[in-house]
Every structure is written in C-alpha cells, then in structure tokens.
Novice: 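Below: one structure in structure tokens.
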Amino acid sequence: MPKHKTTESWTAPLHIEDPDTGEEATVGNAEQAKDMLDHAWPAYHGSQFERAEHACEEALNGHAPPEEARRAFIAAAVEAHLHLHS
C-alpha cells in the first residue's frame with residue numbers, strides 16, 4: 001500500500017543564501033526544498049542536486065524519512081556553493 005504524501009517539517013529549518021545574487025530563503029521541509037531545487041537553484045546541477053531531487057520526492061511520497069531529504073539538500077547546497085545557516 002502506498003504511503004501518504006507528507007510535508008513533515010525538518011528538525012531544524014535551513015537558511016540558504018546565494019552569494020552570487022544575495023537571494024535568501026528558509027527551507028523547512030522536503031516540499032520547500034524540492035520547490036527551491038526546481039525553481040530557484042543556481043545553474044550548476046551536479047550529482048548531489050540529482051540525489052537531493054530524488055530524496056525530496058521519496059520523502060514527499062512517504063518512502064523515505066524527511067531528514068534524509070534534508071541531508072541530501074544540504075549536500076546539494078554545499079556542492080552549489082550556497083551558504084547555509086541552521
């Protein structure tokens with residue numbers, strides 16, 4: 001039986017800053033992370049970006065814990081040279 005779609009909050013939100021544009025965002029769950037990956041991500045999309053997209057989808061569909069998506073999102077942000085504050 002498929003699990004229900006979830007937008008469970010992460011243990012701590014992440015504050016993201018793009019040093020190139022000065023844009024800032026707060027991301028507190030897999031849905032917000034997926035939205036940022038899809039619509040507000042820097043041009044560089046490496047392997048961690050793809051992993052984060054997949055992890056967010058899995059968390060949203062209830063197939064993975066939200067914290068797994070958080071860890072993958074952090075790795076993608078580091079890979080993209082974004083500044084993170086929790």
Side-chain angles (χ1 to χ4, degrees):
M1 176 187 317
K3 295 186 178 185
H4 298 301
K5 189 169 184 164
T6 180
T7 56
E8 185 178 330
S9 294
W10 292 342
T11 54
L14 297 169
H15 304 286
I16 312 284
E17 180 186 353
D18 185 331
D20 294 333
T21 65
E23 290 186 40
E24 297 182 19
T26 299
V27 179
N29 61 41
E31 182 177 32
Q32 293 170 349
K34 181 75 167 90
D35 185 59
M36 186 171 183
L37 289 163
D38 289 346
H39 304 291
W41 205 251
Y44 178 74
H45 294 172
S47 62
Q48 297 303 317
F49 172 86
E50 292 178 17
R51 183 174 166 264
E53 278 199 314
H54 179 72
C56 287
E57 282 292 327
E58 289 291 299
L60 287 170
N61 290 323
H63 299 296
E67 291 303 310
E68 190 173 309
R70 185 178 189 272
R71 285 189 298 273
F73 184 79
I74 289 170
V78 168
E79 178 183 64
H81 303 289
L82 298 175
H83 295 168
L84 290 169
H85 312 280
S86 55

Novice: Passes side-chain contact (heavy atoms from CB on, under 4.5 Å), Q32 versus M36? Steps please.
Specialist: CA-CA 6 Å; Q32 293 170 349; M36 186 171 183; over 6 Å; no
Novice: CZ/R70 to OG/S9 distance, rounded to the nearest 0.5 angstrom?
Specialist: 11.5 Å
Novice: Does I74 share a hydrophobic cluster with L37, counting links as ILVMFWY side-chain heavy atoms below 4.5 Å and allowing steps through other members?
Specialist: yes
Novice: Determine whether L82 and W10 fall in the same hydrophobic cluster, where Ile, Leu, Val, Met, Phe, Trp and Tyr are linked whenever their side-chain heavy atoms lie under 4.5 Å apart.
Specialist: yes
Novice: Show me the pairs that pass side chain to side chain donor-acceptor pair (under 3.5 Å) and involve residues 74-85, at least two apart or across chains.
Specialist: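 Sorted pair list comes back empty.
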Novice: For the side chain of N29 and the backbone of E31, is there at least one donor-acceptor N/O pair under 3.5 Å apart?
Specialist: yes
Novice: With sequence neighbours left out, what residues match E24 under side chain to side chain donor-acceptor pair (under 3.5 Å)?
Specialist: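 Side chain to side chain donor-acceptor pair (under 3.5 Å) check on E24 returns nothing, list empty.
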Novice: Could you list the donor-acceptor pairs under 3.5 angstrom formed between side-chain atoms of residues 39-58 and any protein atom two or more places apart in sequence or on another chain?
Specialist:
residue, atom, partner, partner atom, Å
H45, NE2, P42, O, 3.2

Novice: Is any side-chain heavy atom of I16 closer than 4.5 Å to a side-chain heavy atom of L84?
Specialist: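 In contact.
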